[in-house]
2 protein chains.
Amino acid sequence: MKDNNDMPGHLARRFQQIAVAVFLAEVEDAGFDLTPVQYAALATIKANPGLDQVTLAGLIAYDRTTITGVIDRLVQKGLAERRASSRDRRARELVITDEGRRTLRKITPAVESAQRIMLRGLSAKEGEELMRLLRKAIAAGNDLSRAPLRDVQA
Amino acid sequence: MKDNNDMPGHLARRFQQIAVAVFLAEVEDAGFDLTPVQYAALATIKANPGLDQVTLAGLIAYDRTTITGVIDRLVQKGLAERRASSRDRRARELVITDEGRRTLRKITPAVESAQRIMLRGLSAKEGEELMRLLRKAIAAGNDLSRAPLRDVQA
DNA sequence: GAATATTGCTCAGTATGCTGACTATCAGTA
DNA sequence: TACTGATAGTCAGCATACTGAGCAATATTC
């Protein structure tokens, strides 16, 4: 009988569970209230001003139905804005606000600290190897989820 | 500026997302309707008949408030039963039903197939190494989440 | 240019996960 | 025994994630 600890799926769930908890704790200690998902979305909006929701979803591999709620909350917190697109009236252009920019800047140390903490059981070399293997497994399985990563050809 | 692909937290989310999608697809192909979480709970109940909910939660690192709903659904599907404990009237003893046992047995090939598919981008050696690193990182971060893994001393 | 297909977004419904609060019960102690 | 603290379970509320359906607008095809 295979143990849970031999199941990559189970290990993935556990590691993610810890990663989220560490992220939230570090960010809260820094005086902010932002989830990992909201952080990734906000950082991606900042790096790609004016992108639409589907493109954002593709860049961070979120489901398009999930993005709606995430952006709702970013907007509600005053960190981002949804604007009507002039090119396509179906689409919304997303932009970061000054407040969002400020938040991103101030929150960065906490985010980086969280990444270190969640790997604290591993040596630097092991941490790198873990990330390499995850990237490789993810690349091979990308199309197996409903929300695959998609590159944009601007 | 660090890329998402350099963030273990982001990679963890992506890998888990794929792992769940693969699991659900394989299980559905086999003609069953069981989530990864429900499967782990059911398998653990089978291996530890009569255990209470808190112990179950500790064995698979679920939050105790999450367990309630998971068991509700296992019971509703007729795969497990909740019984009053004679030793402690607060506790519920969990047991697997015959139907649950049958389901577990028939679903096992699909579950194992799912574990292989989610590692399909890696060699056997790399898959082992990924699991080793995940186990190590998880062990070091176990107490950082609200739902740590807990061993039982029968 | 009209019919068809596709796309961007939203919504309803379900299933994890979590925080925090509450009830019932048990355990230990004065 | 009464008091105190801890524990088992549930619930309300919020935030991901997904399925599937639907609406509005754009693209494509004839």
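As a basis for the values below, the full set of heavy atoms in this structure was taken, side chains included, without hydrogen atoms, waters or symmetry mates.
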(request) Evaluate whether atom CZ of R83(B) has more than 12 neighbouring non-hydrogen atoms of other residues, nucleotides or ligands under 6.0 angstrom away. (result) no
(message) Tell me the interatomic distance from E93(A), atom CD, to dG8(C), atom C1', rounded to whole angstroms.
(response) 13 Å
(request) Select one nucleotide: of dT19(D), dC9(C), dT10(D), the one nearest the side-chain heavy atoms of R92(B). (result) dT10(D)
(message) Please report the distance, rounded to the nearest Å, between CD in Q76(A) and C1' in dT16(D).
(response) 16 Å
(request) Looking only at side-chain atoms of A91(A), point me to the closest of dG8(C), dT19(D), dT10(D). (result) dG8(C)
(message) What's the separation between atom CZ in F15(A) and atom NE2 in H10(A), rounded to the nearest 0.5 Å?
(response) 14.5 Å
(request) From the options dC18(D), dA15(C), dC26(C), select the nucleotide whose nearest atom is closest to the side chain of D88(B). (result) dC26(C)
(request) Have a look at E26(B) and tell me which of I117(B), I107(B), V111(B) forms a side chain to side chain contact (heavy atoms under 4.5 Å, CB included) with it. (result) I117(B)
(message) Tell me the interatomic distance from R83(B), atom CZ, to dG9(D), atom C1', rounded to whole angstroms.
(response) 19 Å
(message) By the 4.0 Å heavy-atom rule, please label T35(B) as base, sugar-phosphate, or nothing.
(response) sugar-phosphate
(message) In whole Å, I'd like the distance from the CD atom of Q38(B) to the C1' atom of dA15(C).
(response) 8 Å
(request) Inspect the contact between R102(B) and E99(B) and indicate whether a charged nitrogen and a carboxylate oxygen are less than 4.0 angstrom apart. (result) yes
(message) Nearest heavy atom decides the nucleotide; on that basis, is T68(B) or G69(A) closer to the 5' end of DNA chain D?
(response) T68(B)
(message) Does dG20(D) have OP1 or OP2 under 4.0 Å away from a side-chain N or O of T65(A)?
(response) no
(request) Please say which of T44(A), L149(A), V37(A) ends up in a side chain to side chain contact (heavy atoms under 4.5 Å, CB included) with I60(A). (result) T44(A)
(message) Does dG17(C) have OP1 or OP2 under 4.0 Å away from a side-chain N or O of Q16(A)?
(response) no
(message) Could you tell me how far apart E28(B) (CD) and dC18(D) (C1') are, to the nearest whole angstrom?
(response) 12 Å
(message) Output the rounded distance in Å from CG (D72(B)) to P (dT14(C)).
(response) 14 Å
(message) Mind checking if A147(B) touches a base, just sugar-phosphate, or nothing, with heavy atoms under 4.0 Å?
(response) sugar-phosphate
(message) Using whole Å, what does the distance between atom P of nucleotide dC9(C) and atom CG of L56(A) come to?
(response) 10 Å
(message) Taking the side chain as everything from C-beta on, heavy atoms only, tell me whether R101(B) gets closer than 4.5 Å to K46(B).
(response) yes
(request) Take the protein atom CZ of R73(A) and the nucleotide atom P of dC18(C), then report the distance between them rounded to whole Å. (result) 17 Å
(message) What contact category does D52(A) fall into here, base, sugar-phosphate, or nothing, at under 4.0 angstrom with non-hydrogen atoms?
(response) sugar-phosphate
(message) Closest-nucleotide mapping onto DNA chain C: is R89(B) or V37(B) further toward the 5' terminus? I mean the 5' end.
(response) V37(B)
(message) Measuring to OP1 and OP2 of dT16(D), would you say a side-chain N or O of Q17(B) lies under 4.0 angstrom away?
(response) no
(message) Does dT7(D) have OP1 or OP2 under 4.0 Å away from a side-chain N or O of Q53(B)?
(response) no
(message) Assuming nearest nucleotide by heavy-atom distance, tell me which of R64(A) and R13(B) is located more 5' along DNA chain D.
(response) R13(B)
(message) Within the 4.0 Å heavy-atom criterion, would you say V70(B) contacts the bases, only the backbone, or no part of the nucleic acid?
(response) sugar-phosphate
(message) Ignoring hydrogens and geometry beyond distance, is the side chain of R90(B) in donor-acceptor contact with the base of dT7(D) at under 3.5 Å?
(response) yes
